[in-house]
Engineer: 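Please read through the structure below; I'll follow up with questions.
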Amino acid sequence: MRISPRRVAGVVAGMAMVCGGVSACGAASGDTGGRATAAASPTKKGPGGLGNRLFDGIWTFDDLTLTVDGKEVHGPEYASPWVEFRDDGTIAGDYGCTPFRMKADLTATTLTLGEDLPPLPPPSATPAPPDEAASCPTPKKQQEDKQEGKQKDSARYIPPEPTEFEAKVREFFHRGPLTLAEKKLPQEVGGPPPGTLPQLRNAHGDVATLALVRSPGIFDTSFHLDEWVVYDSADKVKSAKDTSFTFHRDGTVTGILGCNDFRAKAFFTGSHVFFQGTRLTTHRTCAAQNMQDESSILKTLQRSLNYSYSGDSDDIHMREKTGSEYRSTGLVFRHTTDQ
């Protein structure tokens, strides 16, 4: 299985087919220690848009695209726009490379945004240093890219610099009240009834279709680590049935790495996640294959790589955030009953 580094787009689309018509397919937040998502409130204030579907959800733009003034606007590969509909009367997220938070009045069919608020604080920890090509560029790099772009063939599509893409996202959100509707997905031959994706539209005709990044089903659910991913190939973890991962809402991750119990901290930041402090909490000896897999899993988690991810109660797909997909690695978790 190949997991595209472009916002794990195929996986997000697949999740939409499964949970598109389910109002509970929002995304609750774990304790991230960071600006992306705070712990979900035990009670929700409704209505949360489209039958409470949006509350607690971490969403991104479907295919990293929206339409403004009749033209499609495509984000650069490294941009990570996302939005979370919170139960405190605000929305929080990222325009692509810049965090934001605003007051919001969300009803069953409309979203009206108010004044800007200070963004949520950054995480209390950081992942391994990112590949520069996979990261939002510094102002100096933006200027260099702009000059280089002027010298390229204008007939070729050149993704907009971050400031241009973000300006369009800001414009979309700030052009008056947004109406909420559901976009029906195409029917797959022989497949289940198609789901839907939330769609936002303003009076100017600008449109943004939202794709789910994270469902609350990933929390307090037992998963196996099922596959290792390198570029476009995936290999089964041989002792997968002896592994278990449970992501808790307070940000801790507990389970078994093939032989021994472990504990770690997961920091969710919008559409990204990284692990820190992974350690074994028991010291058993098991079959050679289990010990080998456990050692590899432990070393991988201790690298604190920054992953793009999408997840629900069935599976979680993580893809390393790197400038070259040929060097990108990933992890695939499956619900324990799916093995």
Side-chain angles (χ1 to χ4, degrees), residues 7 12-13 15-29 37-38 40-73 75 81-96 100-117 120 168-187 192-217 270-271 310 312:
R7 210 66 59 250
V12 169
M15 288 171 56
M17 292 296 292
V18 174
C19 66
V22 183
S23 64
C25 255
S29 306
T37 51
S41 171
T43 59
K44 298 177 183 178
K45 299 175 183 177
L50 304 176
N52 239 17
R53 180 180 177 184
L54 298 182
F55 262 151
D56 294 333
I58 303 297
W59 304 84
T60 187
F61 297 124
D62 187 35
D63 200 28
L64 203 58
T65 302
L66 68 159
T67 301
V68 179
D69 292 329
K71 297 180 180 179
E72 284 194 346
V73 181
W82 59 270
V83 61
E84 177 187 15
F85 298 87
R86 299 164 62 83
D87 61 6
D88 61 356
T90 68
I91 65 168
D94 200 297
Y95 289 122
F100 70 85
R101 188 163 65 101
M102 291 177 279
K103 288 186 176 180
D105 181 18
L106 180 63
T107 73
T109 58
T110 63
L111 172 64
T112 304
L113 301 176
E115 65 181 285
D116 289 323
L117 300 170
L120 297 174
K168 292 297 184 181
V169 177
R170 286 191 184 95
E171 183 178 357
F172 173 79
F173 278 130
H174 288 88
R175 298 183 85 177
L178 296 159
T179 59
L180 304 177
E182 293 185 284
K183 177 184 177 181
K184 190 173 183 179
L185 296 170
Q187 173 71 57
T196 62
L197 291 178
Q199 195 169 69
L200 304 177
R201 184 184 299 268
N202 61 28
H204 297 269
D206 305 333
V207 180
T209 301
L210 302 181
L212 183 68
V213 172
R214 189 182 76 207
S215 149
S271 56
S310 65
D312 60 14

Engineer: Going by the side chain to side chain donor-acceptor pair (under 3.5 Å) test, name the single residue among Glu182, Gln199, Arg201 that passes it with Thr209.
Structural biologist: Gln199

Engineer: Which pair of heavy atoms, one from Lys168 and one from Val68, lies closest together, and at what distance?
Structural biologist: O-CG2, 3.9 Å

Engineer: Rounded to the nearest 0.5 Å, how far does CZ of Arg86 lie from CD1 of Ile91?
Structural biologist: 11.0 Å

Engineer: Does a side-chain heavy-atom distance below 4.5 Å link Asp206 with Leu66?
Structural biologist: no

Engineer: Give the minimum heavy-atom separation between Gln187 and Pro194, together with the two atoms involved.
Structural biologist: OE1-CD, 2.9 Å

Engineer: So which atom in Ala211 and which in Leu197 form the shortest heavy-atom distance, rounded to 0.1 Å?
Structural biologist: CA-CD2, 4.3 Å

Engineer: Within this structure, what is the CG-CG distance for the pair Leu185 and Asp62, rounded to the nearest 0.5 Å?
Structural biologist: 8.0 Å

Engineer: What distance separates Thr110 OG1 from Leu200 CG, expressed to the nearest 0.5 Å?
Structural biologist: 11.0 Å

Engineer: Taking all atoms of both residues into account, what is the closest heavy-atom pair of Phe172 and Ala208, and its distance?
Structural biologist: CZ-CB, 3.5 Å

Engineer: Within a strict 4.5 Å, meaning less than it, do heavy atoms of the Val213 and Trp59 side chains meet?
Structural biologist: no

Engineer: In terms of side-chain geometry, is the basic nitrogen of Arg175 or Asp69 positioned less than 4.0 Å from the acidic oxygen of its partner?
Structural biologist: yes

Engineer: Measuring from atom CG of Leu106 to atom CG of Asp87, what distance do you get when rounded to the nearest 0.5 angstrom?
Structural biologist: 11.0 Å

Engineer: Rounded to the nearest 0.5 Å, what's the gap from CZ on Arg101 to CG on Asp94? Could you check?
Structural biologist: 14.0 Å

Engineer: For the residue pair Thr60 and Pro81, what are the closest heavy atoms and their distance?
Structural biologist: OG1-O, 2.7 Å

Engineer: For a 4.5 angstrom cut-off between non-hydrogen side-chain atoms, does Leu54 reach Leu180?
Structural biologist: yes

Engineer: Evaluate the criterion side chain to side chain contact (heavy atoms under 4.5 Å, CB included) for residue pair Asp116 and Phe100; output intermediate values, then yes/no.
Structural biologist: CA-CA 8 Å; Asp116 289 323; Phe100 70 85; 5.8 Å; no

Engineer: For residues Lys184 and Thr196, report the shortest heavy-atom separation together with the two atoms involved.
Structural biologist: CA-CG2, 3.9 Å

Engineer: Does any non-hydrogen side-chain atom of Phe61 lie less than 4.5 Å from one of Val83?
Structural biologist: no

Engineer: Measure the NZ-OG1 distance between Lys103 and Thr90 for me, rounded to the nearest 0.5 Å.
Structural biologist: 10.0 Å

